[in-house]
Novice: 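Dumping the structure here so I can ask a few things about it.
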2 protein chains.
Amino acid sequence: MVGARIKVKRGSALFATGDRFKSLYVVRTGFLKTETTLEDGRRWVRGFQMAGEMLGLDAIANEAHTCDAIAMEDSDVCVMPYDLLESTSRRVVALQRHLHRAMSREILREGSLMQQTGMPAQERLAAFLLNLSERLHARGFSRSELVLRMSREEIGSAVGLKLETVSRMFSKFAADGIVTIQQRHVNILDMAALREIANAKLRSCTH
Amino acid sequence: MVGARIKVKRGSALFATGDRFKSLYVVRTGFLKTETTLEDGRRWVRGFQMAGEMLGLDAIANEAHTCDAIAMEDSDVCVMPYDLLESTSRRVVALQRHLHRAMSREILREGSLMQQTGMPAQERLAAFLLNLSERLHARGFSRSELVLRMSREEIGSAVGLKLETVSRMFSKFAADGIVTIQQRHVNILDMAALREIANAKLRSCTH
DNA sequence: CGACGTTTTGATTCCAATCAATGGGTGTGG
DNA sequence: CCACACCCATTGATTGGAATCAAAACGTCG
């Protein structure tokens with residue numbers, strides 16, 4: 001049930017904002033980001049996608065892509081023509097289920113990001129690191145040692161902070177002995193502490 | 001293709017967080033809000049739903065609702081059993097399309113809310129008012145005269161601000177002659193100005 | 001009328017953005 | 001191989017906008 005596979009070179013786009021919607025995509029190998037250009041020309045990172053994750057779901061509504069999907073490293077992507085998905089999912093219940101869940105999960109993903117609005121910077125970054133850690137772990141990598149494929153600016157853009165703030169918070173985590181950071185190599189030393197920071201609301205209430 | 005219709009009394013819940021997912025819902029008449037309880041016990045409004053809008057899409061992924069849907073006024077809601085939707089949409093292409101689009105639109109909705117993260121308070125509120133205005137207009141109501149069915153606190157919660165800030169910004173809009181406000185009755189006097197505020201990024205670049 | 005919930009307004013605080021400068025890494029060409 | 005340039009990251013100083021704290025005005029309903 002898999003369509004063609006295509007390679008996307010680092011820095012080039014799998015699809016761009018405004019492209020007519022024809023297919024959904026699943027990352028096979030590599031690492032992508034999705035981003036949009038705001039009215040003022042600044043770019044806003046909507047998410048990062050790694051192996052097994054789907055792209056393009058937002059394009060169904062208007063039959064046009066609403067963001068650019070850009071490879072952050074040479075990537076291998078599976079193309080699934082949407083009309084084929086439509087017709088096949090009419091016959092194969094499992095596929096229908098899978099598709100609906102993928103969409104629903106995307107709604108949840110955006111929602112949980114939304115939730116961070118209004119949270120302090122350190123909580124957002126803790127959550128960002130934990131999320132990355134989990135996703136990498138689910139793919140067989142170390143839970144504690146991660147290599148960030150994106151710049152501080154891109155992280156900030158994704159979680160709603162400025163790059164300086166990202167840098168400061170990373171430094172703070174390092175000073176507190178929660179992580180070690182060398183450039184883009186992050187080592188999580190104290191997972192529990194990170195989790196506590198990410199859910200700090202709890203304590204502020206227990207007070 | 002419509003299931004049963006049920007009435008939800010003002011203040012009571014159509015569904016609650018954790019409820020097993022069985023159906024999607026479409027508002028017939030009335031006005032609902034969806035909200036979740038954060039770990040610290042505070043409540044966070046995820047959105048407001050009016051006639052024609054769908055609820056429950058976020059529950060598909062985990063077969064459980066992730067928010068409470070509460071009627072803000074006596075409402076009339078159409079219940080669509082999900083397994084029936086599934087099987088019917090396998091036969092009726094139009095329904096399948098409709099469902100997919102509804103999900104995709106929900107993804108877009110969350111995304112456009114996300115976009116407001118980092119915007120100044122007045123831009124968010126301008127956007128909020130415009131959004132409400134559009135949706136009411138699409139349902140045959142006046143574009144400029146609206147009655148807010150929710151409190152300042154709920155508005156703030158939905159757009160990521162504190163109630164005092166919401167109140168201040170409303171006062172500011174009124175002082176600038178953009179709107180008149182008496183309690184929850186809002187009259188938009190200068191739609192163009194409101195739109196400019198909502199897209200202020202443009203000007204800050206043109207500078 | 002009186003009590004409660006909501007809204008407005010004011011004073012102050014605090015966090016992240018901004019402005020600004022320095023340091024570190026990487027890659028290229030002399 | 002080193003020097004230079006460029007990009008990215010860190011750190012410091014200052015500013016600004018929303019949150020917070022606090023109090024008063026308004027509305028609604030029993």
Side-chain angles (χ1 to χ4, degrees), chain A residues 10-11 33 38 40 42-45 72-73 116-129 147-176 179-187 197 200-201 204-205 207, chain B residues 10-11 33 38 40 42-45 72-73 116-129 147-176 179-187 197 200-201 204-205 207:
Chain A
R10 174 191 164 120
K33 67 174 172 182
L38 299 172
D40 65 347
R42 285 211 321 258
R43 312 217 73 194
W44 171 52
V45 175
M72 308 210 57
E73 54 185 55
Q116 298 186 354
T117 303
M119 282 190 187
Q122 56 174 354
E123 298 179 24
R124 294 193 211 186
L125 276 174
F128 175 81
L129 286 178
V147 179
L148 305 177
R149 269 95 156 190
M150 70 297 281
S151 70
R152 304 288 190 263
E153 187 163 27
E154 286 167 327
I155 296 172
S157 175
V159 303
L161 298 169
K162 293 290 143 180
L163 68 136
E164 294 98 325
T165 307
V166 174
S167 178
R168 265 183 251 275
M169 290 304 137
F170 278 180
S171 299
K172 187 178 177 307
F173 288 161
D176 294 349
V179 302
T180 59
I181 298 185
Q182 305 163 70
Q183 309 128 222
R184 296 185 177 185
H185 295 259
V186 177
N187 196 345
I197 292 172
K201 302 291 183 189
S204 70
C205 151
H207 159 263
Chain B
R10 176 191 163 119
K33 68 174 172 182
L38 300 171
D40 65 346
R42 282 211 323 257
R43 312 217 71 192
W44 170 51
V45 175
M72 308 210 56
E73 55 185 57
Q116 298 186 356
T117 303
M119 281 191 188
Q122 56 174 356
E123 296 179 25
R124 294 194 212 184
L125 276 175
F128 176 80
L129 286 177
V147 179
L148 305 176
R149 268 96 155 191
M150 69 298 280
S151 72
R152 304 287 190 264
E153 187 163 27
E154 286 167 327
I155 295 172
S157 174
V159 302
L161 298 169
K162 293 290 144 182
L163 69 136
E164 294 98 324
T165 307
V166 174
S167 177
R168 267 182 250 275
M169 290 303 137
F170 278 180
S171 299
K172 186 177 177 306
F173 288 162
D176 294 349
V179 301
T180 59
I181 299 185
Q182 306 163 70
Q183 310 127 223
R184 297 186 178 185
H185 294 260
V186 177
N187 195 345
I197 292 171
K201 302 291 183 190
S204 70
C205 151
H207 168 260

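As a basis for the values below, the full set of heavy atoms in this structure was taken, side chains included, without hydrogen atoms, waters or symmetry mates. These numbers were taken from a predicted model, which means no experiment stands behind them. In what follows, chains are A, B, ... by sequence order, proteins preceding strands, each numbered from 1.
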Novice: Distance check needed: C:dT6 P versus B:H185 NE2, whole Å only.
Specialist: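 Answer to the nearest Å: 16 Å.
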Novice: Does any N or O in the side chain of A:T117 come within less than 3.5 Å of the main-chain N or O of B:T117, such that one atom is a donor and the other an acceptor?
Specialist: no
Novice: Using five pairs at either end of the helix from C:dC1-D:dG30 to C:dG30-D:dC1, determine the angle between the two local helix axes and round it to 10 degrees.
Specialist: 30°
Novice: Is there a donor-acceptor contact under 3.5 Å from the side chain of A:R124 to the main chain of A:G160?
Specialist: yes
Novice: Protein within reach of the bases, or only the backbone? For nucleotides 5-21 of chain D, mark each nucleotide 5' to 3' as B, S or -, using heavy atoms under 4.0 Å.
Specialist: ---SSBBBB----SSBB
Novice: Looking only at non-hydrogen atoms, find the nearest pair between A:F170 and A:I181 and report the distance.
Specialist: CB-CD1, 3.4 Å
Novice: May I ask you to check whether over 12 heavy atoms, not counting those of B:R10, lie within 6.0 Å of atom CZ?
Specialist: no
Novice: Among B:E154, B:E153, B:R152, which residue satisfies the side-chain contact (heavy atoms from CB on, under 4.5 Å) criterion with B:M150?
Specialist: B:E154
Novice: Separation of B:I155 atom CD1 from C:dT6 atom P, in whole Å?
Specialist: 13 Å
Novice: Using side-chain contact (heavy atoms from CB on, under 4.5 Å) as the criterion, point out the one residue from A:E164, A:E123, A:Q122 that pairs with A:M169.
Specialist: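 The passing option is A:Q122.
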Novice: Kindly determine whether A:R168 and A:K172 satisfy side chain to side chain contact (heavy atoms under 4.5 Å, CB included), including the steps that lead there.
Specialist: CA-CA 6 Å; A:R168 265 183 251 275; A:K172 187 178 177 307; over 6 Å; no
Novice: Give the minimum heavy-atom separation between B:I155 and B:L148, together with the two atoms involved.
Specialist: CD1-CD1, 3.9 Å
